[in-house]
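Everything on this sheet refers to the single structure shown next.
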Amino acid sequence: NNYDSYIVGQTGSSNFIYHHSATGDFNYDSLAGGFGDAFILRLDSSGYPKWASYIGGSSNDYANSVIVNQSTNMVYVVGATNSNDTSSVPFQLHNDGNSNAYNQTVFTSGSSMPQDAFIMRFDQYDSLKWSTWFGGHIATQFTSVAINPVNNRVIVGGQTLDNYADIPGTAGTFQLANDSNLLQLCDYGGGAYFQNTNHGSHYDAILVSFDENDELIWSTYFGGAGTESILNNNVIAGSASTGQNIYVLGISSDSTSFPIKTVSSAYNQNTIYGSTDLFIAEFDNDFHQVWTTFYGGTGDENSNINSAGI
């Protein structure tokens, strides 16, 4: 509401220009280690830094997307980290105090690719209110975050190599972190899209939603037997006034079991023409799949496509 801007990314600079927040408690002024730390930068309407901080621990950390909830003034950051709680500098986890919130305290283990996704929530004063890992026994990444203004739900997209999941027995209920090195799935119920299996041995896209109380209400694989990923900043939501749906942009290498959904009045391409094609997926506000199509030609469409908007 004050026209401030937020930028996130990764830095390997030990002399990154740190700026202490005048109001908040999240202020890290030194590079913790690895190939780089994530960072968050807040600029005022004149482009002057109001806050800049490293994010992460002593291994590699990546911040891929940031969004501001215009209704609550909460700031959400998503990414991926190789920093666990036994690192010399651990990743900054923060339990929000809600016993129903998703708070994963066990870092992925049991593979040669230990990496978890993360999501962090900051208030308008630059204080950390919630931070958790999200993953299973192998690499998981969050690449995009959006706010659905219709219901203030946080919609996150990414990808995972994990094919070991905790599948809920009951649909329509929030899920706590299992802390058992299993990817936590959550069936929203009521006919919402839910895929409980990684169909291949490659990356599958994942879609995850938390409510404004940090509770996990939806988590699903989204993909086929090939490789799928959701591109940076490519989950988008509509406006409260129009009630527009949720759109996801990504890439896929599989056309045999990918969840295509055709609509008679829309563009429909159900076959990949190259090695990888773009996919576009639409969901309504209760996560029902509305429309999904490939879009591409005989060449490859890839992760250089990395922006979307309504």
Apply ring-ring contact (aromatic ring centres under 6.0 Å, His included) to the pair F294 and Y273, showing each step before the final yes or no. CA-CA 9 Å; F294 293 121; Y273 295 132; 8.9 Å; no
How long is the span from the CG atom in D25 to the NE2 atom in H94, to the nearest 0.5 Å? 7.5 Å
Side chain to side chain, L183 and T160, heavy atoms closer than 4.5 Å: yes
Among W130, F134, W133, whose ring pair (Phe, Tyr, Trp, His ring centres under 6.0 Å) with Y102 holds? F134
Using ring centroids (six-membered ring only for Trp), state whether F283 and F222 fall under 6.0 Å. yes
CG of N27 to OG of S127, rounded to nearest 0.5 Å, is 8.5 Å
Charged N-O contact under 4.0 Å between D123 and K129: yes
Please name all residues satisfying side chain to side chain contact (heavy atoms under 4.5 Å, CB included) with A101, sequence neighbours left out, ordered by chain then number. D96, N98, N103, D214
F26 and Y28: aromatic ring centres closer than 6.0 Å? yes
Verify whether the ring centers belonging to F174 and W218 lie closer than 6.0 Å. no
Hey, does V248 have a side-chain heavy atom less than 4.5 Å from the side chain of L207? yes
Does some side-chain heavy atom of Y54 sit less than 4.5 Å from a side-chain heavy atom of L31? yes
Run through Y6, Y76, W51 and flag the one making a ring pair (Phe, Tyr, Trp, His ring centres under 6.0 Å) with F122. W51
Does this structure show an ion pair linking D44 with K50, if we count only N-O contacts that are shorter than 4.0 Å? no
